[in-house]
Amino acid sequence: MRTPMICWAFLLLVLFGKACNGFYLPGSYMHTYSTGDEIFAKVNSLTSIETELPFSYYSLPYCQPHGGIKKSAENLGELLMGDQIDNSPYRFRMNVNESVYLCTTKPLSEHEVKLLKQRTRDLYQVNMILDNLPVMRYAKQNGIDIQWTGFPVGYTPQNSNDDYIINHLKFTVLVHEYEGSGVEVIGTGEEGLGMISESDKKKASGFEIVGFVVVPCSVKYDPEVMTKHHIYDNISPVDCPSDLDKSQIIREQERISFTYVVEFVKSDIRWPSRWDAYLKMEGARVHWFSILNSLMVIFFLAGIVFVIFLRTVRRDLTRYEELDKEAQAQMNEELSGWKLVVGDVFREPDCPKLLCVMVGDGVQITGMAVVTIVFAAFGFMSPASRGMLLTGMILLYLFLGIAAGYAAVRMWRTIKGTSEGWRSISWSVASFFPGIVFVILTILNFILWGSHSTGAIPISLYFVLLALWFCISVPLTLLGGFMGTRAEAIQYPVRTNQIPREIPARKLPSWVLVLGAGTLPFGTLFIELFFILSSIWLGRFYYVFGFLLIVLLLLVIVCAEVSVVLTYMHLCVEDWRWWWKAFFASGSVSIFVFLYSINYLVFDLQSLSGPVSAILYLGYSLIMAIAIMLSTGTIGLLTSFYFVHYLFSSVKID
């Protein structure tokens with residue numbers, strides 16, 4: 001019965017493969033246009049690397065489209081990132097080169113002049129999108145060609161108090177001729193799932209947009225002449241003036257005319273490769289060699305530590321088990337070390353409920369990070385799908401509540417020996433990390449609301465997030481907790497004495513060693529952390545998820561090794577209070593991450609201006625550091641627990 005089913009399945013697969021000559025998953029649905037087809041550009045929020053406060057494009061006196069401003073449908077990630085994508089009056093006609101008039105503003109008011117000057121001096125960029133491609137411009141800085149996404153609101157010449165607005169744009173649209181050869185294309189972008197089949201071959205033939213470049217200019221027009229034109233009237237082409245007298249100054253009662261020129265250029269770039277230009281990062285070779293060097297050093301150090309540690313433990317175990325009972329008793333009296341804490345090693349730690357809750361949240365965050373980075377490394381999180389990465393992370397976190405509840409309750413049962421109180425543990429797991437994030441985001445949101453920024457989370461989105469948390473995360477965490485009560489309990493290999501053993505005094509407090517242990521995991525992370533921070537705060541695209549996956553796996557290994565070694569060192573000096581020390585041995589890397597974030601703010605984000613921007617930066621950095629602490633601490637504690645369990649179950653003790 002099974003063989004015919006397999007044959008039918010194979011036949012269907014062959015037929016599907018015959019009909020499908022090509023397959024493309026990441027990115028958005030491919031559009032093809034015929035000559036003369038109208039394409040309207042969209043505009044995203046104005047952004048700046050100086051303030052990190054996004055503002056609506058139409059908060060400035062720009063030309064508005066016919067029919068009014070219409071917001072594009074945005075996913076959860078776009079809303080949380082402060083994106084606000086609106087329609088615009090910029091119209092392009094496929095393969096039609098033209099110079100176009102848009103509009104002339106009313107005389108600028110004092111408020112509009114003040115706003116334009118402020119946005120210009122804060123280096124705000126206009127982010128325009130055509131066929132889901134951000135506009136790109138090229139500039140020279142210190143003799144080096146640099147590419148940027150977006151173009152400035154205006155500019156301020158050196159040694160001048162005057163500001164000039166960008167009101168004339170020279171667009172170059174790169175197009176590739178597509179012949180519709182029966183290739184099926186499936187997309188996951190903002191347009192949703194789409195397919196080009198054989199029946200649509202003729203319709204699909206046409207031109208694809210594969211590049212979108214702009215040269216911004218400031219041109220002074222005579223408003224009396226320009227107001228005689230209507231929108232989309234063709235005008236004489238204009239060159240970008242080098243003389244400031246011919247540029248459009250920003251001052252009261254000035255009327256600004258907006259124009260643009262568009263030129264279509266045929267390109268050999270194919271549609272799946274059109275994002276390559278955006279993903280080129282300066283210093284890519286340095287990036288690769290730095291990461292590789294870091295990986296080699298950390299592997300070398302971790303390998304040495306691990307080999308020494310294995311030899312030491314094996315020697316101790318061999319010597320201990322080869323002795324007879326009398327010799328073991330004499331050895332226990334004469335020698336110190338981890339053998340002497342056998343009756344205290346599994347004693348209940350301080351604040352056991354908090355420890356279990358933090359472990360549960362750590363499992364949830366680690367699972368979310370691993371799955372997200374794996375999917376991104378395989379190309380499922382394309383930069384064309386704006387907000388998809390953040391949306392995917394939130395949904396994964398919600399659904400991984402079942403793993404968090406299970407891990408926390410099972411550890412609670414292990415420590416306490418009973419399932420009593422598992423509901424309280426599950427509720428605490430569901431509320432602990434989300435509660436911290438909620439408090440920090442609410443404080444930051446009040447700051448953003450006060451600044452009238454589009455980065456502020458709308459009240460409606462707050463209710464959506466609360467509904468997702470209450471309807472998905474909480475029930476799944478409770479379900480995971482219930483499953484934890486039904487799972488087989490982990491039995492300790494030794495009994496715990498009623499009276500705790502006295503811990504010998506030491507010269508240095510143990511927290512010094514615990515904090516120092518965080519430097520080794522930080523060594524695996526800090527180079528990649530620089531590129532991640534640059535992508536978040538300097539508007540660069542982050543694309544090396546393959547390297548990030550390697551660094552993540554290496555970080556897990558190093559965190560596990562560091563915690564195990566530190567736990568063994570504490571047991572050797574008869575310190576049986578290892579639970580929290582194992583957690584913070586690897587979790588202390590978060591302290592160095594937060595300190596590095598402050599270092600990045602002071603030395604690499606020197607352009608960041610104002611206390612509001614600094615508070616926003618530090619608030620988001622604190623959320624990141626707490627998440628890293630919970631994740632790395634959980635890895636270290638669970639590894640140390642299984643190591644201690646294995647160590648004491650391997651020794652024969654009466």
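Since the structure is predicted, the reported quantities are computational estimates derived from the model, not experimental observations.
For T227, the side-chain hydrogen bond (donor to acceptor under 3.5 Å, both in side chains) test picks out no residue, with sequence neighbours left out. Residues meeting the side-chain hydrogen bond (donor to acceptor under 3.5 Å, both in side chains) test with Y155, sequence neighbours left out: S247. Not a single ring pair (Phe, Tyr, Trp, His ring centres under 6.0 Å) links F40 to another residue, sequence neighbours left out. F438 meets the ring pair (Phe, Tyr, Trp, His ring centres under 6.0 Å) test with Y462; sequence neighbours excluded. For K266, the salt bridge (charged side-chain N to carboxylate O under 4.0 Å, His left out) partners two or more places apart in sequence, or in a different chain, are E177. By the side-chain hydrogen bond (donor to acceptor under 3.5 Å, both in side chains) test, S590 pairs with no residue at all, sequence neighbours left out. In this structure R121 satisfies the side-chain hydrogen bond (donor to acceptor under 3.5 Å, both in side chains) test together with D163, sequence neighbours excluded. Listed by chain and number, the residues in a ring pair (Phe, Tyr, Trp, His ring centres under 6.0 Å) with Y62 are Y57, F258 (sequence neighbours excluded). For F446, the ring pair (Phe, Tyr, Trp, His ring centres under 6.0 Å) partners are W449, not counting sequence neighbours.
Note on R270 versus D276: no salt bridge recorded, every NZ/NE/NH1/NH2 to OD/OE distance being 4.0 Å or above.
For the pair I129/L133, no side-chain contact is recorded, criterion being any heavy-atom separation below 4.5 Å from C-beta on. Here the side chains of F545 and F378 are not in contact, with every heavy-atom distance at 4.5 Å or above. Proximity of P241 to V219: side-chain heavy atoms (C-beta onward) are separated by under 4.5 Å at one or more points.
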Exercise. May I have the step-by-step check of side-chain hydrogen bond (donor to acceptor under 3.5 Å, both in side chains) for S99 and Y260, ending in yes or no?
Key: CA-CA 6 Å; S99 182; Y260 67 95; over 6 Å; no

Exercise. Determine, step by step, whether I250 and T120 satisfy the side chain to side chain contact (heavy atoms under 4.5 Å, CB included) criterion, reporting the C-alpha distance in whole Å, the side-chain angles of both residues, the deciding distance to 0.1 Å, and the verdict.
Key: CA-CA 10 Å; I250 301 173; T120 298; 3.9 Å; yes

Exercise. May I have the step-by-step check of side chain to side chain contact (heavy atoms under 4.5 Å, CB included) for V261 and V238, ending in yes or no?
Key: CA-CA 8 Å; V261 175; V238 180; over 6 Å; no

Exercise. Mind running salt bridge (Lys or Arg N to Asp or Glu O under 4.0 Å) on R93 and E38 for me, showing each step along the way?
Key: CA-CA 5 Å; R93 292 187 293 176; E38 290 188 348; 5.7 Å; no

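A donor and an acceptor atom, one from each side chain of S267 and H176, are nowhere located under 3.5 Å apart. For N127 and T149, the side-chain atoms include no donor-acceptor pair closer than 3.5 Å.
Between the NZ atom of K117 and the CD1 atom of I165 there is a distance of 11.5 Å, given to the nearest 0.5 Å. A distance of 5.0 Å separates CG in L616 from CG in L448, rounded to the nearest 0.5 Å. Taken to the nearest 0.5 Å, the CD1 atom of I365 stands 9.5 Å off from the CE atom of M393. We find the CD1-CG distance between I623 and L618 to be 11.5 Å, quoted to the nearest 0.5 Å. How far CG of N132 is from NZ of K42: 8.0 Å, rounded to the nearest 0.5 Å.
I615 and L444 make their closest contact through O-CD2, 3.7 Å (heavy atoms, listed as atom of the first residue, atom of the second, distance). When all heavy atoms of H168 and T259 are compared, the closest pair comes out as ND1-OG1, 2.6 Å. Nearest heavy atom pair, residue D86 against residue S56, reads OD2-OG, 4.2 Å. For the pair D162 and P157, the tightest heavy-atom approach, listed with the atom from each and the gap, is O-CD, 3.5 Å. A pairwise comparison of heavy atoms in N87 and Y58 identifies O-OH, 2.6 Å as the closest pair. Across all their heavy atoms, D122 and E50 have their closest contact at O-CB, 3.5 Å.
A donor-acceptor contact shorter than 3.5 Å is absent between the side chain of S59 and the backbone of F55. Here the side chain of R274 pairs a donor or acceptor atom with the backbone of I209 at under 3.5 angstrom. Remark: side-chain polar atoms of S160 are not paired, donor with acceptor, to backbone N or O of T156 under 3.5 angstrom. E112 places a side-chain N or O within 3.5 Å of a backbone atom of S109 that can act as its donor or acceptor partner. The main-chain N or O of I166 is never found under 3.5 Å from a side-chain atom of S218 such that the two would form a donor-acceptor pair. A donor-acceptor distance shorter than 3.5 angstrom exists from the side chain of R255 to the backbone of T105, with no hydrogens or angles considered. Using a distance-only test at 3.5 Å, with no hydrogens or angles considered, no donor-acceptor pair links the side chain of N167 to the main chain of Q248. Remark: side-chain polar atoms of T372 are paired, donor with acceptor, to backbone N or O of M368 under 3.5 angstrom. S45 places a side-chain N or O within donor-acceptor distance of the main-chain N or O of Q84, the cut-off being under 3.5 Å.
When the shell of 6.0 Å around CG of N234 is examined, it contains more than 12 heavy atoms from other residues, nucleotides or ligands. Within 6.0 Å of CZ on F375 lie no more than 12 heavy atoms contributed by other residues, nucleotides or ligands.
Judged by the 6.0 Å and 45° rule, R119 forms a cation-pi pair with Y124.
Each ring pair (Phe, Tyr, Trp, His ring centres under 6.0 Å) pair with one or both residues in residues 210-249, not counting sequence neighbours, appears once here: F92-F212, Y101-H229, F171-F212. Note on residues 238-257: no pairs pass ring pair (Phe, Tyr, Trp, His ring centres under 6.0 Å), not counting sequence neighbours. The salt bridge (Lys or Arg N to Asp or Glu O under 4.0 Å) analysis of residues 207-225, with sequence neighbours excluded, yields the pairs K220-E254.
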